[in-house]
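All remarks here apply to the structure that follows.
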There are 2 protein chains.
Amino acid sequence: MDEEWLDIGEVAARSGLAPSALRFYEKRGLIEALGRNGLRRTYRPDVLERLALISCARGAGFTIAEITRFLVADPDDSGLRDRMAAKALELDLRIAQLDRLRASLRHAATCTHEPLVECPEFKRAVGAVAAATAL
Amino acid sequence: MDEEWLDIGEVAARSGLAPSALRFYEKRGLIEALGRNGLRRTYRPDVLERLALISCARGAGFTIAEITRFLVADPDDSGLRDRMAAKALELDLRIAQLDRLRASLRHAATCTHEPLVECPEFKRAVGAVAAATAL
DNA sequence: CTGCGACTTGAAGTACGGTTCAAGTCAAGA
DNA sequence: TCTTGACTTGAACCGTACTTCAAGTCGCAG
């Protein structure tokens, strides 16, 4: 143990991803294998960090293609930081939107209007979310 | 004009949704037509409110099936508010996660590490997001 | 009354992000 | 040595959310 590589099964177990997902990511250029142990892919241990980054970005709504663009960027890709800054701005909007939606849900969860969809406060809140979405 | 119903084309134009999307929503039980004008569906004007609600929920990551469950609930469905409160809690987690991700992106956009993925601060931030995701 | 154009239908297609399948291969343990 | 079990492959399939297609139908302007 304590080898300088991890078997795909090991990576799958530690990352919580299925081997099929790892192969899928490889096909998409998100990760690459170090080599093979027989037929089995082996990975450098730091692939786990990369997978954490990928999962985190996926969870935030980035597509595989977007993540690939971030990860395979040339070190001298001056556009990378710009794209990240742009993504941060997108997140600002998204977070604000979710905040409003959460407020609507919280009101809905406690208000006593029947039916809920007729609650004026709820309708107002939904209207605010919708108006912001349209922009 | 000023009729008590809207043609599907009118609804599509005002809601920003394609007629095909409206038919799709109808099939899924999200909306229903008032009647027909010839072959064409007609809707009550308040369908626009409902569509705003749907778009807003979709934007927040709710699936069609989830939205249906909220919209077709019996007025006396005591579980509705509970589900909404649960969704609000889900949103809490999601928002917190996006906040962390945004912080990572903001750091990334301004830090000068090359390559970025090796930046210790960035790695730390990604690790924090990943740790939170795992929960 | 005729033609245009926007709708109608069900079925098939698209994009995304994978999973599942059948058949085969390999390393390691008994 | 032989079996076992986890991997290998490409291809097919899945669910979500729609769009597009072909063929048909209708209201309305001219």
Side-chain angles (χ1 to χ4, degrees), chain A residues 1 3-44 47 50-72 87 90 94 133, chain B residues 1 3 5-43 47 50-72 87 90 94 133:
Chain A
M1 58 191 68
E3 322 222 31
E4 71 281 5
W5 53 262
L6 298 172
D7 186 277
I8 188 175
E10 197 66 17
V11 173
R14 293 199 199 176
S15 67
L17 296 165
S20 62
L22 298 179
R23 289 195 299 271
F24 178 76
Y25 286 170
E26 184 175 321
K27 228 177 276 178
R28 287 288 190 279
L30 281 175
I31 58 173
E32 54 183 79
L34 173 62
R36 298 288 177 120
N37 176 24
L39 278 187
R40 296 180 193 187
R41 286 162 177 80
T42 56
Y43 294 94
R44 287 171 38 194
V47 80
R50 198 175 178 102
L51 289 172
L53 174 55
I54 292 168
S55 296
C56 141
R58 286 279 306 121
F62 289 67
T63 66
I64 295 285
E66 281 174 328
I67 299 169
T68 303
R69 287 211 307 282
F70 285 119
L71 288 180
V72 306
K87 270 294 169 186
E90 273 180 38
R94 184 157 183 75
T133 306
Chain B
M1 59 192 70
E3 323 221 32
W5 52 262
L6 298 172
D7 186 278
I8 188 176
E10 197 66 17
V11 174
R14 293 200 200 174
S15 67
L17 295 165
S20 61
L22 297 178
R23 288 196 300 271
F24 178 76
Y25 285 171
E26 184 175 322
K27 229 176 278 178
R28 286 288 189 279
L30 280 174
I31 58 175
E32 55 183 81
L34 172 63
R36 299 288 179 121
N37 175 23
L39 278 187
R40 296 179 194 189
R41 286 163 177 81
T42 56
Y43 296 94
V47 79
R50 196 174 178 102
L51 289 171
L53 175 55
I54 292 168
S55 296
C56 141
R58 286 277 307 117
F62 289 67
T63 66
I64 295 284
E66 281 175 327
I67 299 168
T68 304
R69 287 211 307 281
F70 284 118
L71 288 180
V72 306
K87 270 293 169 186
E90 273 180 37
R94 183 159 182 73
T133 306

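Residue numbering restarts at 1 for every chain, and letters A, B, ... go by the order of the sequence lines.
Within a 6.0 Å radius of CD in A/Glu66, other residues, nucleotides and ligands contribute more than 12 heavy atoms.
On the nucleic acid side, DNA chain C contacts chain B at distances under 4.0 Å to non-hydrogen atoms, with the end points of that region at C/dG5 to C/dT9.
Looking at A/Ile54 and A/Ile31, their side chains come closer than 4.5 Å, going by heavy atoms from C-beta outward. In this structure, the side chains of A/Ser20 and A/Arg23 come closer than 4.5 Å at one or more pairs of heavy atoms. Contact annotation: the side chain of B/Asn37 approaches that of B/Trp5 to within less than 4.5 Å [non-hydrogen atoms, C-beta and beyond]. B/Leu30 has its side chain out of reach of B/Phe24: every pair of non-hydrogen atoms, C-beta onward, lies at least 4.5 Å apart.
Rounded to an integer number of Å, the gap from CZ of B/Arg36 to P of D/dG27 is 12 Å. B/Leu17 places its CG atom 12 Å from the C1' atom of D/dA17, with the value rounded to the nearest Å. At whole-Å resolution of the value, CG in A/Leu39 and P in D/dG5 are 18 Å apart. Here D/dA17 presents its P atom at 12 Å from CD1 of B/Ile54, a figure rounded to the nearest Å. Spacing between atom CD1 of A/Ile8 and atom C1' of D/dA6 amounts to 10 Å, rounded to whole angstrom units.
Backbone-only contact: B/Thr63 has heavy atoms under 4.0 Å from sugar-phosphate atoms and none from a base.
With DNA chain C read from its 5' end, the first of the two nearest nucleotides for A/Ala65 and B/Arg23 is the one closest to B/Arg23. Closest-nucleotide positions on DNA chain D for B/Arg28 and B/Asn37 were compared, and the one nearer the 5' end corresponds to B/Arg28. Mapping B/Phe24 and A/Ala12 onto DNA chain D via the closest heavy atom, the residue that lands nearer the 5' end is A/Ala12.
Side-chain atoms of A/Arg40 come within donor-acceptor range of the base of D/dA6, with a qualifying N/O pair under 3.5 Å.
Salt bridge annotation for A/Arg94-A/Glu90: absent, with no cationic side-chain nitrogen under 4.0 angstrom from a carboxylate oxygen.
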